[in-house]
Amino acid sequence: MAQRVGIEVSLACAEAVKLARTDVVSAYPITPQTHIVEHLAELVANGELEADFIPVESEHSAMSACIGSVAAGARTFTSSSAQGLALMHEMLFIASAMRLPVVMAVANRALSGPLNIWNDHSDIMAERDIGWVQTFAENGQEVVDLTLHAFKVAEDPRVSLPTAINMDGFILTHVIESIELPDQKDVDAYLPPFKPLQILDPGRPRSLGVVGGPEIYTEARKAETVALENAYAVVTEHFEGLRKQFGRAYKPVETYKSEDAEVLFITMGSLGQTCMSAVDEMRAAGRKAGVVRIRLWRPFPAGDFIDAVKGARQIIVCDRAISPGACAAPVGAEIKSLLFNRKINNIYVSNPIIGLGGRDVTRQFFKDIYAQAVKDAASGKPMATEIMGVKE
Amino acid sequence: MSRTAEAIKNIEKISPRTVPLFEGVCAGHRGCQGCGEVAALRMAVKAAGPNTIAVSATGCMEIITSPYPQTAWNIPWIHVAFENAAAVAAGVEAGRKILYEKGGIKEKANILVFAGDGGTADIGLQALSGALERGHNLTYICLDNEAYMNTGIQRSSSTPFGATTTTSPAGSRSIGQVTWKKNVAAIAAAHNIPYVATAAPAFHIDLMNKVRRSLAAPGAAYIHVFAPCPTGWRCAPELSIETSRLAVNSRIFPLYEVVDGVYSISRDVAKPIPVADYLKTQRRFSHLKEEQINLIQERTDKEWARLQALVRATNPA
């Protein structure tokens with residue numbers, strides 16, 4: 001029987017990595033990722049996880065060793081945050097280009113400077129274009145399920161791409177939640193052993209990571225892009241597998257009270273929970289508000305998203321990162337581009353930037369944002385992106 | 001006898017008559033004429049044999065051997081980036097080790113890492129240090145041609161004093177490189193790993209046997225190979241291998257081994273040729289005046305004496 005336990009989300013993530021029978025963990029410590037890798041080191045030290053833990057000397061080497069390990073045929077996991085993720089930057093593109101299914105948990109944290117260890121999404125938004133499958137968890141249970149799902153998707157021969165699970169640093173990683181940890185036999189049924197497409201094998205020599213000149217680079221990038229786009233169907237297929245095996249249903253885009261909503265908040269990660277509570281209160285006060293939460297960030301679930309928002313007259317895209325000098329913040333820009341592509345021009349898009357560097361986002365804050373956004377739309381003000389809650 | 005000395009004493013030695021016919025790096029690659037680096041690479045892979053996985057850093061050897069859809073590699077090979085060959089190899093080693101323990105892999109394999117001096121002494125030093133310190137069972141081979149040759153002869157920390165390069169050009173107010181060559185073999189030895197050696201392609205039997213010994217050593221091993229680059233050193237391609245002989249015979253590049261911390265000189269150069277005879281074979285040194293050549297001679301003598309002292313200190317009578 002699966003066990004429901006009170007457990008810190010970081011530890012639950014590590015337990016999921018153990019249940020996945022991971023072969024190699026290669027990691028470098030950075031707050032707030034540390035509890036994940038500490039627990040994994042402990043599981044290896046106690047013989048509870050039969051894996052090799054490589055305590056590398058940097059995140060750049062962490063990801064490099066992951067690439068080498070997957071190329072050797074081993075199921076491989078790492079985790080990082082902020083500066084660590086940024087230090088991996090170069091390697092993240094190569095992992096996907098080489099089609100090596102590394103799985104990484106990102107404990108989302110603000111990028112320096114100023115140095116800040118607290119939560120926002122600036123780290124992963126700077127890595128938006130790495131070519132990885134990327135999901136965002138809302139709570140601890142999702143962290144566990146999405147971690148198992150990440151291995152399943154990444155290693156699927158139709159995908160064979162690295163996958164990242166995003167979880168808000170501290171807000172999720174350091175919180176004790178009631179989480180159902182699945183049975184080993186259920187996980188084994190869901191996630192069979194890794195069967196790599198290509199490995200370094202003296203019995204069948206292959207060259208991995210070759211030079212691609214102008215005559216082939218475009219085609220290589222196209223193939224990788226198509227693989228990521230095609231991953232959508234596999235992601236949803238394996239969500240369905242999760243439901244069948246563990247009884248919990250997941251979709252690329254989740255909605256809350258959105259059917260008759262006139263104004264929809266768009267969130268990613270743990271903000272969704274506070275936002276739903278705020279929406280309950282707004283509904284009680286007679287406002288037709290709802291929430292649309294993006295769980296799958298790459299490949300972007302365009303069709304699901306359009307279906308979720310098409311009935312609204314206004315959406316409030318909550319960004320937790322800045323794209324300085326750009327026309328919108330990262331998620332806002334994504335969605336505006338999508339609406340334009342679909343010739344949808346009757347939705348007013350507000351794009352507040354909130355919760356930077358651990359700044360608390362309360363229910364009241366959502367209500368304030370709502371009031372401001374509705375006022376902006378009514379006044380005919382041009383759609384804008386604005387950093388909210390700035391102390392003047 | 002130390003653990004490593006014990007492990008390496010019975011390797012199947014290569015002699016001039018028993019040089020393996022196996023070619024892990026094939027003809028048809030795009031190396032320059034007289035490339036001493038690819039010659040050393042070929043010897044190293046010959047010595048290691050077919051049951052070997054190679055990991056390359058970005059650099060000359062990587063680009064000349066792998067332009068898609070061709071490959072010169074007859075053994076499994078992976079290249080990821082410039083500064084991380086040691087870390088990638090660490091992952092390959094760890095992955096194979098656990099799969100072997102779990103029964104997913106039936107046979108062990110040698111792991112050889114190849115990087116140039118830039119990828120070793122400069123940008124890859126941290127990853128190298130990490131891999132050596134953690135003790136992964138692999139051999140890291142630095143193919144040192146004393147500058148960033150792939151990008152066009154820019155200076156590295158392994159470029160010797162006085163050499164002109166495109167970023168340390170000799171001019172009216174400069175003698176070229178003003179710093180002394182970084183001693184990466186000494187840095188590797190400071191990690192107290194089982195095996196460290198230096199080698200040169202002119203002494204190919206010695207080079208190949210060092211590769212074999214390094215692979216038999218229990219844990220991380222490092223071999224620093226002197227790899228002449230006629231293109232970058234401005235010397236005649238047909239004198240490439242000879243240049244490496246002169247480097248050894250002038251004591252500019254001594255051949256030695258460090259086995260579990262015990263130093264031994266592999267080729268005792270009793271009557272060294274003057275360093276000037278080595279320097280004059282390459283136009284990268286042609287601007288040097290007597291004064292600078294004397295400085296190089298002094299430094300070379302001092303380094304040789306230091307090496308002898310290390311031999312004495314680690315081999316108590």
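A quick note: this is a predicted structure, and the numbers were derived from the prediction, not measured.
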field: Which atoms of B:Ile53 approach chain A - backbone, side chain, both or neither, heavy atom under 4.5 Å
entry: side chain
- request: Please state whether the side chain, the backbone, both or neither of A:Ile94 comes within less than 4.5 Å of a heavy atom of chain B.
  value: side chain
field: Nearest non-hydrogen partners of A:Gly68 and B:Val92, listed with the distance
entry: O-CG2, 3.4 Å
- request: Output all residues satisfying ring pair (Phe, Tyr, Trp, His ring centres under 6.0 Å) with A:His35, sequence neighbours left out; order by chain, then residue number.
  value: A:His174
statement: Looking only at B:Pro67, B:Ala127, B:Ala90, the option with the highest number of non-hydrogen pairs under 4.5 Å against chain A is B:Ala127
query: Checking heavy atoms, do the side chain of A:Met63, its backbone, both or neither come under 4.5 Å from chain B?
result: neither
query: Where is the tightest heavy-atom contact between A:Ile54 and B:Ala94, given as atom of each residue plus distance?
result: CD1-CB, 3.4 Å
- prompt: Based on non-hydrogen pairs under 4.5 Å, which of A:Gly213, A:Ala71, A:Gly212, A:Gly73 is most in contact with chain B?
  reply: A:Gly73
query: What distance do A:Phe194 atom CZ and B:Leu99 atom CG have between them, rounded to the nearest 0.5 Å?
result: 9.5 Å
field: Region of A:Ala51 in contact with chain B, defined by heavy-atom distances below 4.5 Å
entry: backbone
Which atoms of A:Pro55 approach chain B - backbone, side chain, both or neither, heavy atom under 4.5 Å: both
Which atom pairs, one donor and one acceptor, sit under 3.5 Å between chain A and chain B?
| residue | atom | partner | partner atom | Å |
| --- | --- | --- | --- | --- |
| A:Asp23 | OD1 | B:Lys102 | NZ | 2.7 |
| A:Glu50 | O | B:Lys102 | NZ | 2.9 |
| A:Asp52 | OD2 | B:Lys97 | NZ | 3.1 |
| A:Glu57 | OE1 | B:Arg134 | NH1 | 2.9 |
| A:Ser58 | OG | B:Gln126 | NE2 | 3.4 |
| A:His60 | NE2 | B:Glu83 | OE2 | 3.0 |
| A:Ser64 | OG | B:Asn84 | ND2 | 2.8 |
| A:Leu200 | O | B:Arg96 | NH1 | 3.4 |
| A:Arg206 | O | B:Trp77 | N | 2.9 |
| A:Ser207 | OG | B:Thr71 | OG1 | 2.6 |
| A:Leu208 | N | B:Trp77 | O | 2.8 |
| A:Leu208 | O | B:His79 | N | 2.9 |
| A:Gly209 | O | B:His79 | ND1 | 2.8 |
| A:Val211 | N | B:Ser66 | O | 2.9 |
| A:Val211 | N | B:Ser66 | OG | 3.3 |
| A:Val211 | O | B:Tyr68 | N | 2.9 |

- request: Taking ring pair (Phe, Tyr, Trp, His ring centres under 6.0 Å) as the test, write out the residues that go with A:Tyr190, two or more places apart.
  value: A:Phe246
statement: Whatever's closer than 4.5 Å to a heavy atom in chain A on B:Ala109 counts as side chain
Largest heavy-atom contact set with chain A, pairs under 4.5 Å, which of B:Gly95, B:Ala87, B:Pro76: B:Pro76
query: Where is the tightest heavy-atom contact between B:Ile63 and A:Val211, given as atom of each residue plus distance?
result: CA-CG2, 3.8 Å
- line: Applying side-chain contact (heavy atoms from CB on, under 4.5 Å) to A:Leu115 and not counting sequence neighbours gives A:Arg109, A:Ser112, A:Ile117
